[in-house]
Amino acid sequence: HQQIFETYTTVVLSGVMGAISFPICTALSTFMYAVGRYQLSTGYAEAAEEGGDASKRYKYPLAKFMWYGFLCNVLLGMGSCGLIVGGKKTVG
């Protein structure tokens, strides 16, 4: 399954933009995404070995943190872009 490719680019690009204005928050949300992504992938692989029930991919409690980290990165990236466009933050 290639679901990671559907979210990875967005997380990276919004993380780069978010890090311009909010480096610590962006680092934390990217870490949250990475931990959640690992747990989700592990659960997905184990579910496939046990008969293919994809609903068991969230069996690890931190798997849902992938989506929290994803959303936080997108919001931080948008916020940083808004600050730059609005002239509140300069790059460089």
Side-chain angles (χ1 to χ4, degrees):
H1 197 271
Q2 296 188 10
Q3 194 268 341
I4 188 170
F5 297 118
E6 297 170 3
T7 59
Y8 182 73
T9 306
T10 304
V11 168
V12 169
L13 292 177
S14 60
V16 167
M17 289 308 301
I20 292 171
S21 299
F22 312 106
I24 295 172
C25 292
T26 303
L28 291 174
S29 67
T30 303
F31 180 73
M32 206 168 32
Y33 170 82
V35 169
R37 177 77 246 179
Y38 176 77
Q39 296 253 308
L40 182 80
S41 296
T42 303
Y44 200 89
E46 289 176 3
E49 290 174 0
E50 296 171 3
D53 185 8
S55 66
K56 294 182 180 178
R57 65 184 175 253
Y58 290 106
K59 76 179 190 177
Y60 293 106
L62 297 179
K64 291 182 177 143
F65 276 71
M66 178 196 129
W67 296 111
Y68 301 141
F70 178 82
L71 181 62
C72 287
N73 261 19
V74 170
L75 293 175
L76 289 166
M78 289 171 52
S80 184
C81 287
L83 289 174
I84 292 167
V85 170
K88 305 275 186 199
K89 177 80 176 176
T90 58
V91 180

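Residues Leu71 and Met78 do not share a hydrophobic cluster, defined by chaining ILVMFWY side chains whose heavy atoms lie under 4.5 Å apart. There is no path of hydrophobic side-chain contacts, each under 4.5 Å, that joins Met32 to Ile24. Leu75 and Leu13 fall into different hydrophobic clusters, where Ile, Leu, Val, Met, Phe, Trp and Tyr residues are linked whenever their side-chain heavy atoms come under 4.5 Å apart, directly or through other members.
No more than 12 heavy-atom neighbours from other residues, nucleotides or ligands sit within 6.0 angstrom of NZ on Lys64.
Minimum interatomic distance between Phe22 and Ser80 (heavy atoms only, all atoms of both residues): CE1-N, 3.7 Å.
Distance CD/Gln39 to NZ/Lys59: 10.5 Å, rounded to 0.5 Å. One distance of note links CG of Asn73 with CE of Met17; it measures 12.5 Å at 0.5 Å rounding. Distance check: Cys25 SG to Leu76 CG gives 6.0 Å after rounding to the nearest 0.5 Å.
Not a single donor-acceptor pair under 3.5 Å links the side chain of Ser29 to the backbone N or O of Cys72.
Applying side chain to side chain contact (heavy atoms under 4.5 Å, CB included) to Tyr33 and the options Trp67, Phe70, Tyr38 leaves one that passes, Phe70.
Separation of the Phe65 and Tyr68 ring centroids falls under the 6.0 Å cut-off.
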| task | Test Val11 against Arg37 for side-chain contact (heavy atoms from CB on, under 4.5 Å), laying out the working first. | result | CA-CA 11 Å; Val11 168; Arg37 177 77 246 179; over 6 Å; no
